[in-house]
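Single-structure report; data block below.
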Amino acid sequence: MNALLSRTLGALTAFFAAPVSGTSAALYRVALGGCCFWYAFTLALNVERYFSETGAFPWAFAPRDARWGAFALAPQDEAWALTIFVVVMGLSVVLALGVLPRLVCAVLYYLSLSIHYRNPTISSAADQLLHVLLFLSIFLPLGYRLSVDAVVRRRLGRATPTGSIWSQRLVQMQVAVVYGMTAVTKAGEEVWQSGDALRGFLAMPSYSTWPMWHDPWPFMKPLTWGTLAFELAFAALIWFRPLRPWLLGAGVAFHTGIGTLMQIPLLSGMMIMTYLLFIPDDVAERAVARAGAWLRRRRRG
Amino acid sequence: MGPQTDFPQRRGWLAWVGRVASCVFVTAFVGLMLVQPLSSSHSVRREVRSVERTLRPLRLFSPWRMFVGRARPGYVNVEGELADGQRVWIANFRHEGKSFLARARDARLRKMHAKLKRTRAWRSSYMGYLCREGRARFPDMWRLRLVLRKPRIRDVDGQVVTKARRRTLFTHDCDAPKTQERKRKRGKGRTR
């Protein structure tokens with residue numbers, strides 16, 4: 001009994017507390033910075049429409065929680081709203097470069113929540129996912145490698161720290177839960193069981209890039225069932241390292257397909273971004289070394 | 001008896017406190033993540049209701065229901081009516097004929113328009129904004145219509161499967177700013 005308990009504890013500790021170098025977290029950090037920049041940029045184009053007193057959603061309609069947000073400091077000032085978006089864009093660049101990335105994630109999380117509460121009518125599942133990812137990123141070893149922080153640390157002669165994988169596991173579990181929950185809910189619905197769901201969504205002008213009724217065979221029904229199978233498989237099997245490259249490859253194809261066929265690119269981009277945290281550090285380090293060597297060859301040649 | 005691992009662990013009471021705090025955080029986060037699809041009357045959900053209520057403003061947990069349900073082909077857009085009776089698109093979230101920047105700018109209209117069907121609170125504000133924006137392009141525009149459109153959908157062979165239909169949900173007179181101003185000042189129906 002004691003041996004079993006010890007083995008279980010050992011497995012849990014290895015799963016949640018194994019050391020990480022932070023290379024895959026660094027790649028994720030760069031992608032997250034890009035994603036936050038795009039998020040703020042597309043909103044900055046809409047300051048008057050969504051965030052001003054003369055726009056669609058004046059401050060008086062904002063929910064109670066908006067009073068804790070950054071907009072509350074000057075709720076009726078359009079210039080202040082624009083400043084918030086410029087700050088988010090700036091912080092996104094700082095995050096991608098790796099300057100105090102955990103602190104930057106905390107500030108970005110607060111600002112993204114402020115934006116949501118200022119005008120919740122435009123929020124989508126992609127925004128919710130961004131909130132969760134920014135919050136969990138506060139705990140990730142984002143600045144250990146490939147960052148300005150790492151360069152400063154090296155110059156000061158300090159040792160590179162190693163982190164623990166638990167925060168990375170939390171993001172991985174969150175991604176698996178996103179797939180698993182949608183798949184289980186969809187699997188209980190008649191339209192998904194009959195294989196007609198994708199056919200309907202691809203005919204919807206509010207989502208589809210080219211709204212059109214496609215024949216159920218040979219593609220629509222297999223694609224509908226394939227979507228369910230992929231989502232369930234990802235949630236259950238991504239934890240087995242030999243299967244991981246196949247599932248991640250299938251996921252990239254899946255989200256590229258969604259991003260192309262449907263007008264919801266942000267969610268697809270973010271889901272692909274989270275895949276970087278599933279790449280083991282040794283593989284990420286080899287990829288970074290190879291990319292570095294290729295860049296050096298190009299510069300010389 | 002300690003866990004069997006093949007990697008070194010930091011020693012000391014601070015490291016121990018850190019490990020315990022991480023364990024509590026991970027367990028709580030994963031637990032709250034997993035209870036989201038349960039119905040609100042489920043006993044587990046009732047147990048954690050107060051925690052969920054406290055954490056709700058942080059938007060960290062969701063039942064994740066993307067693409068759940070049957071697809072509905074209708075969508076809501078806003079049309080402007082010109083003095084000569086001609087109708088023009090004023091706010092349209094579809095990508096056709098738009099530049100890359102315009103697409104990025106209008107990407108979130110879909111969400112807003114979907115909510116316009118149900119809410120009255122901020123509809124007048126939005127219409128007022130669209131009147132100003134629309135009149136910059138069409139100075140003789142005098143009325144806006146919130147239109148539910150079910151477009152003609154063809155199959156891959158070009159055969160019409162669904163006929164086009166349109167229904168006006170709401171009209172807004174662009175020359176009645178005083179009414180809008182009154183409603184905005186009242187700030188009725190705060191969104192939750």
Side-chain angles (χ1 to χ4, degrees), chain A residues 2 5-7 9-10 12-14 16-19 41-42 45-46 49-50 54-58 60-65 113 116 120-125 128 131-132 135 166 170 173-174 177-178 181-182 184-186 189 191 197 200-201 203-206 209 211-215 263 267, chain B residues 1-7 9 19 22 26 29-30 33-34 36-37 57-60 62-73 75 93-95 101 104-105 107-108 110-112 114-115 121-122 125-126 128-129 132-133 149 151 153-156 161-162 184-185 187 189-192:
Chain A
N2 267 357
L5 192 64
S6 175
R7 266 208 305 279
L9 271 175
L12 272 176
T13 313
F16 280 112
F41 175 71
T42 55
L45 294 172
N46 283 297
R49 186 193 274 172
Y50 297 140
T54 53
F57 201 81
F61 295 111
R64 240 173 255 271
D65 290 319
L113 276 183
H116 165 77
T121 66
I122 52 171
S123 282
S124 63
Q128 169 104 49
H131 298 317
V132 179
F135 174 76
W166 69 267
L170 264 188
M173 289 171 92
Q174 177 65 74
V177 161
V178 170
M181 277 185 186
T182 48
V184 168
T185 317
K186 286 188 287 204
E189 295 200 322
V191 69
F201 284 115
M204 260 176 92
S206 48
T209 313
M212 189 184 285
W213 279 109
H214 297 269
D215 286 337
Q263 301 182 340
L267 183 66
Chain B
M1 182 197 69
Q4 296 165 356
T5 53
D6 55 357
F7 50 83
Q9 290 180 27
R19 274 200 288 276
S22 307
V26 168
F29 197 91
V30 172
M33 206 195 276
L34 293 175
Q36 296 305 310
L58 300 178
R59 286 177 57 79
L60 296 174
S62 160
W64 304 111
R65 295 169 56 85
M66 285 90 84
F67 296 104
V68 170
R70 191 173 278 279
R72 289 179 299 274
Y75 65 101
F93 57 77
R94 294 286 310 164
H95 284 180
L101 267 186
R105 184 172 181 265
R108 288 173 184 268
R110 179 175 63 84
K111 278 282 165 192
M112 198 162 198
K115 289 178 184 112
W122 44 271
S125 304
Y126 184 43
Y129 166 76
R132 283 191 301 281
E133 196 190 56
R149 273 172 62 95
I153 299 175
R154 297 171 187 276
D155 64 11
V156 279
V161 181
T162 314
R184 190 183 305 146
K185 275 184 181 161
R190 294 170 76 94
T191 312
R192 301 229 165 252

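Each chain gets a letter, A, B and so on, in the order the sequences are listed, and its residues count up from 1.
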If you count heavy-atom pairs under 4.5 Å with chain B, which of T42(A), T182(A), V177(A), L12(A) comes out on top? T182(A)
Exercise: identify the closest heavy-atom pair between [X] and [Y]:
X: R94(B); Y: P211(A); answer: NH2-CD, 3.3 Å
X: S124(A); Y: R59(B); answer: O-NH2, 4.5 Å
X: A71(B); Y: F201(A); answer: CB-N, 3.6 Å
X: Y75(B); Y: S206(A); answer: CB-CB, 4.1 Å

Are [X] and [Y] close enough that some pair of their side-chain heavy atoms sits under 4.5 Å apart?
X: R149(B); Y: P205(A); result: no
X: F67(B); Y: T185(A); result: no
X: W64(B); Y: Q128(A); result: yes

At what distance, to the nearest 0.5 angstrom, does [atom1] of [X] lie from [atom2] of [Y]?
X: F29(B); Y: Q174(A); atom1: CZ; atom2: CD; result: 5.5 Å
X: I122(A); Y: R110(B); atom1: CD1; atom2: CZ; result: 12.5 Å
X: Q36(B); Y: M181(A); atom1: CD; atom2: CE; result: 6.0 Å
X: N46(A); Y: R105(B); atom1: CG; atom2: CZ; result: 5.0 Å
X: K186(A); Y: M66(B); atom1: NZ; atom2: CE; result: 7.5 Å
X: D65(A); Y: L58(B); atom1: CG; atom2: CG; result: 9.0 Å

Options S22(B), P57(B), P63(B), ranked by heavy-atom pairs under 4.5 Å with chain A, top entry: P57(B)
At a heavy-atom distance under 4.5 Å, which candidate from K115(B), M33(B), R70(B) has the highest pair count against chain A? M33(B)
Against chain A, label Y126(B) side chain, backbone, both or neither, depending on which of its atoms sit under 4.5 Å from a heavy atom there. both
Using heavy-atom distances under 4.5 Å, tell me whether A104(B) contacts chain A through its side chain, its backbone, both, or neither. both
Pick one: which of E133(B), R108(B), M112(B) meets side chain to side chain contact (heavy atoms under 4.5 Å, CB included) with R49(A)? E133(B)
Between E189(A) and chain B, with a heavy-atom cut-off of 4.5 Å, which part of the residue counts as in contact: side chain, backbone, both or neither? side chain
Checking heavy atoms, do the side chain of L267(A), its backbone, both or neither come under 4.5 Å from chain B? side chain
